[in-house]
Amino acid sequence: MNESINLVKIHDYLWEIPKKGGMRVPGRVYATESMLKDIQKDKALEQVVNVAHLPGIQKYSIAMPDIHWGYGFPIGGVAAMDVEEGVISPGGVGYDINCGVRLMSTNLIEEEVRPKLRELVSELFYRVPSGVGSSGKIKLSKNDYKDLIKKGAKWAVEQGWGEAQDLERIEDYGTFPGANYDTISQKAFERGSDELGTLGSGNHFLEVDIVDEIKDLQVADDFGLFKDQVCVMIHCGSRGFGHQICTDYIDRMLSYMRREEINLPDKQLACAHIKSKEGRDYLSAFAAAVNYAWANRQIIMSFARESFYRIFKIGPRDLGGHLVYDISHNIAKFEEHKVNGEMKKVCVHRKGATRAFPKGHPLVPEIYRNVGQPVFIPGDMGRASFVLVGTEAALDETFGTSCHGAGRMLSRNEAVRRGKNRDLFSELERRGIILIARGKRTVLEEMPEAYKYVEDVCDVVHNAQIAKKVARLRPIGVVKG
DNA sequence: ATGTTC
């Protein structure tokens, strides 16, 4: 418990940790009072306080309602740094650089898919390798890499996985600027060389979902969503490539901090000034991993389309198979935000947090400029996931950010311990959900009871108005690592 | 998250 951390109520869904000691800004936590009790069970709020010590941090060290303990920064944390004096921290992005979620809509409805659901999920499981260390059929040469790390999803489309219009529905059109081949270790290249088009493990998944309830008819329609529609949700990141880049740069930044005599409450806050050589090199390698993750999700979506074509013997026109949007929830971005009444350029770290820009914002892709940015909040494999839309209040209060998931409630070990006599596969099947997974342990770690109910988390961001609910999805087919 | 403890 963190009795020593004082929480001052701002309103029913927002609490402030007053500035104290070496904190440069206060902390702010979006949660209900009852959620705070769970949040206080681990060291996540201490991490919010620690992050508030970082050089150049602006306004607040922010925590979303799905916050939990992470490496250095909490997962569900947001921190914006001044670009002149501030720092970039690999732990503020996460080990899985550009982990994120994309949603693909289809023209199909549940009753059309049900009769062949098991075949479909088997096909998806076959085409998209999953599990730790899973490798795919795509082998990346040095020249492939050079092109891929600069172009991201655009590279994947050029190679034939998907179409140009997909790129209009990805943050930054699927290409992150600034990648530099020379800032990346050989080890990172090796680890990533056969992992493109693979899902990975842990909380990553590929799901067939049904649009179960529409919460905002107009916005749902603008996103191309309707009741009973079949969708595909993909959650994964940059695999061993991004992981190795994070590892490499935490190491380099620890020596930078010793050299520059930067003292922080936790070694895991390893960071370097954005303008330093170490900071710039990290950003160049990080950009490459961002692009790798976008290419990865692009390729997996393309495999999903092919699975539908084969199982239902239909073509692209009948499937629909439109990308709704692709969100990044482990990323740092240079954006303009209002600080003390003036617009300034900051580097926003979003770790387990989703950008949620309102309509009219120039960084929202043109097709959604008059609607607002889609926000996806995946829940657990047995209950629900949500589609929301970004708001003006998010831009004012949270650097345009909302939460990213249900938030873990049980540790992985505790979930496995409690679930060891259960058969999640048949339990889910009785509820109409086909689950195919590579490892039984991962399934127990990820069982529904290990997570908060996602709608409770969505209610916080909805009521705090930092995103607005659009639709609820429910899973009918799940592929796990 | 992760060649699941370089």
Side-chain angles (χ1 to χ4, degrees), chain A residues 42 44 47 66-77 89-101 128-136 139-140 184-206 234-252 254-255 267-268 270 285-286 288-290 292-294 296-297 300 327-332 349-354 378 380-381 404-408 410-417 437-446 450-451 479-481:
Chain A
D42 67 23
Q47 295 188 313
D66 52 338
I67 182 181
H68 52 283
W69 181 84
Y71 183 90
F73 285 55
I75 296 159
S89 174
V93 169
Y95 268 91
D96 191 2
I97 296 167
N98 192 13
C99 184
V101 182
V128 183
S130 59
V132 172
S134 50
S135 54
K139 311 292 176 202
L140 293 169
I184 300 157
S185 69
Q186 208 47 48
K187 202 168 172 185
F189 285 126
E190 279 163 19
R191 284 182 67 177
S193 65
D194 60 358
E195 294 187 327
L196 211 51
T198 69
L199 201 56
S201 183
N203 59 7
H204 290 168
F205 63 77
L206 193 165
I234 297 161
H235 178 203
C236 63
S238 51
R239 309 287 287 103
F241 184 65
H243 191 277
Q244 189 61 44
I245 286 169
C246 182
T247 303
D248 292 341
Y249 278 90
I250 283 172
D251 210 39
R252 242 184 103 181
L254 284 171
S255 19
K267 277 259 180 291
Q268 295 188 352
F286 150 89
V290 169
Y292 187 106
W294 273 330
N296 195 28
R297 289 197 287 276
I300 291 172
I327 54 116
S328 302
H329 58 220
N330 276 13
I331 203 159
H349 295 65
R350 296 189 180 94
K351 181 189 192 175
T354 306
D380 59 77
M381 64 172 88
H404 91 306
R408 190 167 268 289
L410 303 179
S411 71
R412 292 182 183 281
N413 285 334
E414 180 63 12
V416 171
R417 197 186 64 76
R438 205 164 122 180
K440 200 182 162 205
R441 186 184 162 90
T442 305
V443 170
L444 292 179
E445 286 175 355
E446 295 293 314
Y451 287 92
V479 172
K480 291 286 296 177

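Every chain is numbered from 1, with letters handed out A, B, ... down the list of sequences.
For the pair A:I245 and A:A188, the tightest heavy-atom approach, listed with the atom from each and the gap, is CG1-CB, 4.0 Å.
Partners of A:Y292 by ring-ring contact (aromatic ring centres under 6.0 Å, His included), not counting sequence neighbours, listed by chain and number: A:F241.
Rounded to an integer number of Å, the gap from A:K187 NZ to B:dT2 P is 16 Å. Taking atom NE2 of A:H243 as the reference point, atom P of B:dC6 lies 9 Å away to the nearest angstrom. When the C1' atom of B:dT2 is taken as reference, atom CD1 of A:I245 falls 14 Å away, rounded to whole Å. Taking atom CZ on A:R438 and atom C1' on B:dT4, their separation rounds to 12 Å, with Å as the unit. Summarising the geometry, the separation between OH on A:Y95 and P on B:dT2 is reported as 13 Å, rounded to the nearest angstrom. When rounded to the nearest whole Å, the span between OH of A:Y71 and P of B:dT4 equals 17 Å. The separation between A:E190 atom CD and B:dC6 atom P is 16 Å, rounded to whole Å. A straight line from CZ of A:R412 to P of B:dT2 spans 10 Å, rounded to a whole angstrom.
Using a 4.0 Å heavy-atom criterion, one finds that A:E195 contacts the sugar-phosphate atoms exclusively. Within 4.0 Å of A:G94, counting heavy atoms only, lies no atom of the nucleic acid at all. A:R239 comes within 4.0 angstrom of sugar-phosphate atoms only, judged by non-hydrogen atoms across all strands, and of no base. Counting any heavy atom pair closer than 4.0 Å across all strands shown, A:K351 reaches no nucleic acid atom. Using a 4.0 Å heavy-atom criterion, one finds that A:G240 contacts the sugar-phosphate atoms exclusively. At a threshold of 4.0 angstrom between heavy atoms, the contacts of A:T247 with the nucleic acid are absent.
Taking the ring centroids of A:H235 and A:H329, they lie under the 6.0 Å cut-off.
By the 4.5 Å heavy-atom criterion applied to side chains, A:V93 and A:C246 are not counted as neighbours.
Side-chain atoms of A:N296 never come within 3.5 Å of backbone atoms of A:L196 as a donor-acceptor pair (strictly under, hydrogens ignored).
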